[in-house]
Amino acid sequence: GAVVSQHPSWVICKSGTSVKIECRSLDFQATTMFWYRQFPKQSLMLMATSNEGSKATYEQGVEKDKFLINHASLTLSTLTVTSAHPEDSSFYICSAPGPPSYNEQFFGPGTRLTVL
Amino acid sequence: RKEVEQDPGPFNVPEGATVAFNCTYSNSASQSFFWYRQDCRKEPKLLMSVYSSGNEDGRFTAQLNRASQYISLLIRDSKLSDSATYLCVVRRGKTSYDKVIFGPGTSLSVIP
């Protein structure tokens, strides 16, 4: 199968700092990646769609200036949470459409962000 | 109304029990349907795709009724390892590049 990695797996930061989360497709290319957020006891909510070589597409209600997305290469997308606040504490998960033989998205292991 | 709704749960069942999860979706143009399982603090993992003709994978059976916009998952002979949250997932298109919508999930605990 296809593997998607995320780094870091968890991060604790002070309020007001920025945090960068990396999402990599390890053995396949991904021109598109998806970023999700999951609050405790809730389901995954799509935040944005990251596109290599062009601007990300954000879902309604997601602030693009707060959640900066950069799809720098065919295997890497980054999400930067700028000026993080405690309400941004969440589980952030990325996914990528699999190689042509797979009709599914492959998910990264997630990054747990805690903002103090 | 949420686009994908599921039984709120939680379901607590003894080992060996049969358990059924229900899911409904509101967008009739939805093209693809899945069940995922998510363990605590982990990413969701694909359990199975759901086809109109119904499909089975070992102890798991999934059904889709497009007319009723209803999806189900049946787990037979429950194991302790089946304890997880089960997510109903609907995709608006036919390819993996299309957005997916996750249901709120139903928690299952299989008890010894």
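So that the names make sense, note that chain A is the first sequence line, chain B the second, and so on, each numbered from 1. Because the structure is a prediction, the values reported are computed rather than measured.
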Transitive ILVMFWY side-chain link [X] to [Y], under 4.5 Å:
X        : Y       : value
B:Ile101 : B:Val50 : yes
B:Val100 : B:Val90 : no
B:Phe102 : B:Leu46 : yes

task = Taking the side chain as every heavy atom from C-beta outward, state whether B:Thr95 and A:Pro97 have any atom pair closer than 4.5 Å.
result =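 Sidechains of A:Pro97 and B:Thr95: no contact.
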Step through the shown structure and confirm whether more than 12 heavy atoms of other residues, nucleotides or ligands are within 6.0 Å of [atom1] on [X].
X        : atom1 : result
A:Tyr102 : OH    : no
A:Lys66  : NZ    : yes
B:Tyr51  : OH    : no
A:Met45  : CE    : no

inquiry  = So, taking the atom named OG in A:Ser9 and the one named CZ in B:Arg41, what distance separates them when rounded to the nearest 0.5 Å?
reply    =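 Here the interatomic distance stands at 11.5 Å.
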key: B:Tyr97 OH to A:Asn51 CG distance, which is reported to the nearest 0.5 Å   =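 So the gap between those two atoms works out to 10.5 Å.
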task = Return the option, out of A:Thr31, A:Leu44, A:Ile93, A:Thr32, with the maximum number of heavy-atom pairs under 4.5 Å with chain B.
result =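 Answer, by heavy-atom pair count under 4.5 Å with chain B: A:Leu44.
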query = Looking at A:Gln6, A:Gln105, A:Lys41, A:Gln42, which makes the most heavy-atom pairs under 4.5 Å with chain B?
reply =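 Max contact count across the listed options: A:Gln105.
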query = Are the side chain of A:Ser43 and the backbone N or O of B:Gly105 linked by a donor-acceptor pair below 3.5 Å?
reply =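 Not at all, since once roles are kept as given, no pair shorter than 3.5 Å links the two residues.
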ask   = Most heavy-atom pairs under 4.5 angstrom with chain A, which of B:Lys94, B:Lys42, B:Gln38?
value =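 Option with the greatest count: B:Gln38.
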Structural part of A:Phe107 lying under 4.5 Å from a heavy atom of chain B =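 Both backbone and side chain of A:Phe107 come within 4.5 Å of chain B.
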ask   = Side chain, backbone, both or neither: which part of B:Arg91 has a non-hydrogen atom closer than 4.5 Å to chain A?
value =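 Only the side chain of B:Arg91 comes within 4.5 Å of chain A.
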ask   = Where is the tightest heavy-atom contact between A:Pro109 and B:Glu43, given as atom of each residue plus distance?
value =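 Looks like CA-OE1, 3.4 Å.
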